[in-house]
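Numbers here are sequence positions counted from 1.
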Amino acid sequence: MSYSRLDKFKDKAKNILKRTLDSHITLAVTGLSGSGKTAFISALVHQLTEQANDKNMPFFRVVREGRHIATTLVPQKALNIPTFAYRQAMDSLTSKPATWPESTKRINTLRLAMRYRPNRGLRAQLGDTATLTIDLIDYPGEWLMDLTMLNMDYATWSNKQLNMLRSPVRKDHGAEFLDVLAQFDSQKSVDETELKQISNTYKHALRAIKQHAHAANLQPGRMLIPGDLEGAPLLAFFPCQAPQLKQDNTQYAQLEARFEAYKAQVVKPFYKEYFCRFDRQVVLVDLLRALKLGPEIFAEQTDAITDLLAFFEYGKSNLLRRLFSPNIDKLLFVANKADQVGVNYHQDLALLLHDLVKSKANELTFSGVEIDTMAMAAICATHNKSVKEKGRTLHCIYGKPLHEENWLTYLPPQPPRYALSKAQWPAHGFDYLDFAPMPNEDGTLRHMRLDHALEFLIGDKVR
Ligand SMILES: Nc1nc2c(ncn2[C@@H]2O[C@H](COP(=O)(O)OP(=O)(O)O)[C@@H](O)[C@H]2O)c(=O)[nH]1
Ligand SMILES: [Mg+2]
């Protein structure tokens with residue numbers, strides 16, 4: 001049969017449709033250091049590229065309805081940043097013994113293409129397929145916290161840092177720096193060696209606080225993870241009490257200049273390039289670790305998360321605007337690593353997270369953003385195990401605690417359903433355990449509710 005004019009027309013129409021209907025989405029995976037961003041992205045790629053079947057992802061409609069054809073990793077658009085090391089992450093997650101992927105040292109990116117059969121519109125009638133491109137970036141959570149510096153001048157920032165260094169969980173680690181600072185003459189002319197030495201002491205304080213107190217709010221983030229700024233003079237600053245009278249060419253003026261340069265040359269470009277062009281956002285929160293670390297860190301984490309949300313653009317935008325400057329119109333809050341408690345406590349976790357973010361969520365809902373909150377685990381490291389005791393069923397978890405040899409059946413404590421005040425905090429605290437990853441025999445990974453998360457985040461793009 002010859003290629004008729006009608007066929008030609010159909011092809012042309014298809015091509016135009018392809019251009020208009022093939023869609024693109026940039027998903028912001030947001031979370032403090034250690035909240036599970038790298039694991040989440042690895043799991044998302046793994047489940048979509050290797051395990052997208054209705055048994056594994058029943059709540060992701062495009063999969064359940066048999067319309068998902070395949071998802072693959074495709075070359076990214078930005079050529080100047082490294083590609084997310086998916087293979088490497090999978091290798092460590094499925095090696096024997098299995099280990100978690102390394103913590104992220106630099107920014108990296110990845111692009112997925114999802115091919116599916118639309119179920120509505122002209123395209124569905126033509127029996128055609130469509131592609132959704134999904135862009136993701138991964139970055140050290142430590143750098144994210146720097147965004148809040150953009151709203152502060154040096155004096156305000158210094159005050160805040162110095163106050164924090166005196167707080168109960170930090171003071172032991174910050175003491176040496178505060179001692180050195182007490183001897184520091186900020187009014188004399190610049191002594192490069194001294195500034196370098198003190199900034200080193202400050203850096204050691206930050207690193208000790210991160211390592212031992214697991215605090216979330218540590219600035220500047222590049223002192224912890226320098227990327228390619230290792231040793232740069234720009235990084236040689238620290239918080240310092242403002243003098244009564246500010247003078248030029250003093251050490252104080254130099255510190256202030258470095259602080260401003262750090263903001264302008266490091267934080268702002270990072271923000272501009274990567275943080276203001278998202279369509280959808282998932283905010284990962286490690287509530288269990290924060291509960292384990294106690295009321296002070298818990299409160300700090302909550303504040304850090306709500307402060308960060310101020311740096312993203314939210315709201316509905318029309319189609320044209322979307323192309324040039326997208327706004328986030330769907331936002332998912334996730335209480336991550338829910339596999340560290342029994343399934344009977346997942347609801348508690350989701351309620352607790354809801355309680356923490358509810359006023360921010362309310363504000364955003366008002367401006368048209370769709371919001372949901374859920375408990376999930378990107379990569380399950382435990383199995384649920386019911387244990388009968390004196391006629392009662394206990395919902396335990398079973399797994400291999402991190403850095404331990406033996407497997408363990410454990411009954412984690414029930415998380416609270418709302419933010420506790422310091423006085424309400426139980427005396428014995430909350431003891432949750434970290435577990436090593438637990439891949440299946442066949443090298444696949446399990447998740448909890450990643451399919452729910454995907455349905456919420458991108459389900460409407462693959463109808
Ligand atoms: N049980 C459990 N642990 C997780 C999960 N995701 C991450 N983790 C743990 O959290 C740590 C930090 O995760 P990572 O993805 O590196 O966090 P990031 O700093 O936000 O990228 C990992 O090394 C694991 O110990 C999860 O889904 N379940
Ligand atoms: Mg990471």
Over 12 foreign heavy atoms within 6.0 Å of CD, E102 = no

R207 and H173: side chain donor to acceptor below 3.5 Å = no

Given F59 and H452, is the ring-ring contact (aromatic ring centres under 6.0 Å, His included) satisfied, shown in steps?
-> CA-CA 5 Å; F59 287 94; H452 288 248; 4.1 Å; yes

So, S95 versus D91: side-chain donor-acceptor pair below 3.5 Å or not?
-> no

Gap between atom CD of E142 and atom CD1 of I225 - 0.5 Å precision = 4.0 Å

Lys/Arg-Asp/Glu bridge criterion (N-O < 4.0 Å) met for R170, E300 | yes

Check whether more than 12 heavy atoms from other residues, nucleotides or ligands sit under 6.0 Å from atom NE2 of H395, and answer yes or no.
-> yes

Return yes if a side-chain donor-acceptor contact under 3.5 Å exists between T382 and Q340, otherwise no.
-> no

Do NZ/NE/NH1/NH2 and the carboxylate oxygens of D54 and R64 come within less than 4.0 Å?
-> no

Locate the shortest heavy-atom distance separating T72 from T49; write the atom from each residue and the value.
-> CA-CG2, 4.1 Å

Quick one: does N108's side chain have a donor or acceptor within less than 3.5 Å of a partner on P82's backbone?
-> no

R463 side, atom CZ; E65 side, atom CD - distance, nearest 0.5 Å | 7.0 Å

Donor-acceptor side-chain pairing of D348 and Q414 below 3.5 angstrom | yes

Which atom names give the shortest non-hydrogen contact between D355 and R417, and what distance separates them?
-> CB-O, 4.2 Å

Quick check: does any side chain N or O of T156 sit under 3.5 Å from a backbone N or O of M152, one acting as donor and the other as acceptor?
-> no

Sub-3.5 Å donor-acceptor pair from the side chain of W100 to the main-chain atoms of F435, do we have one?
-> yes

F237 and Y262 aromatic centres sub-6.0 Å = yes

Have a look at F40 and tell me which of L284, V45, V334 forms a side chain to side chain contact (heavy atoms under 4.5 Å, CB included) with it.
-> L284

Determine, for D135 against K77, whether the closest basic-nitrogen to carboxylate-oxygen distance falls under 4.0 angstrom.
-> no

Within the side chain of R277, is there an N or O that forms a donor-acceptor pair under 3.5 Å with the backbone of E273?
-> no

Test item: side-chain donor near acceptor, N362 and S359, under 3.5 Å = no

Check: F238 ring centroid to Y202 ring centroid under 6.0 Å = no

Answer yes or no: is there a donor N or O on one side and an acceptor on the other, between the side chain of N384 and the main chain of V343, under 3.5 Å?
-> yes

Is the number of heavy atoms from other residues, nucleotides or ligands under 6.0 Å of K268 NZ greater than 12?
-> no

Validation row, ring centre F275 to ring centre F270 under 6.0 Å | yes

With distance as the sole test, does S167 use its side chain to make a donor-acceptor pair with the main-chain N or O of N163 at under 3.5 Å?
-> no

Hey, are T444 and E50 close enough side-chain-wise for a donor-acceptor pair under 3.5 Å?
-> no

Shortest non-hydrogen contact from M374 to L353?
-> O-CD2, 4.5 Å

Which atom names give the shortest non-hydrogen contact between P118 and D128, and what distance separates them?
-> CD-O, 3.2 Å

Please check if any side-chain donor atom of S103 sits under 3.5 Å from a side-chain acceptor atom of K105, or the reverse.
-> yes

OG1/T148 to CH2/W157 distance, rounded to the nearest 0.5 angstrom?
-> 10.5 Å

Assess the side chains of R115 and T131: does a donor N or O sit below 3.5 Å from an acceptor N or O?
-> yes

F430 vs P416 side-chain heavy atoms within contact, under 4.5 Å = yes

From CA spacing to verdict: salt bridge (Lys or Arg N to Asp or Glu O under 4.0 Å), D307, K360 | CA-CA 10 Å; D307 287 352; K360 184 75 197 172; over 6 Å; no

Determine the minimum heavy-atom distance between L147 and F311, stating which atoms define it.
-> O-CZ, 3.0 Å

Would you kindly check if the NZ (Lys) or CZ (Arg) of K37 is within the cone defined by 45 degrees around the ring axis of Y139 and under 6.0 Å from the six-membered ring centre?
-> yes

On the ring face of Y398, is K385 found with NZ or CZ under 6.0 Å from the centre and within 45° of the axis?
-> yes

So, H68 and T71: side-chain donor and acceptor under 3.5 Å apart, yes or no?
-> yes

Report yes or no: does R446 contribute a side-chain atom to a donor-acceptor pair with the main-chain N or O of N440 at less than 3.5 Å?
-> no

Would you check if K292 and D431 make a side-chain contact, meaning some heavy-atom pair closer than 4.5 Å?
-> yes

Have Q47 and N56 got a donor and an acceptor in their side chains that come within less than 3.5 Å?
-> yes

Is K400 reaching over with its side chain to a backbone N or O of L408, donor-acceptor style, under 3.5 angstrom?
-> no

Return the minimal non-hydrogen interatomic distance between Q51 and L445, and the atom names on each side.
-> NE2-O, 3.0 Å

Can you find a side-chain donor-acceptor pair between Q76 and T109 that sits under 3.5 Å?
-> no

Pair K210-S33, side-chain donor/acceptor within less than 3.5 Å | yes

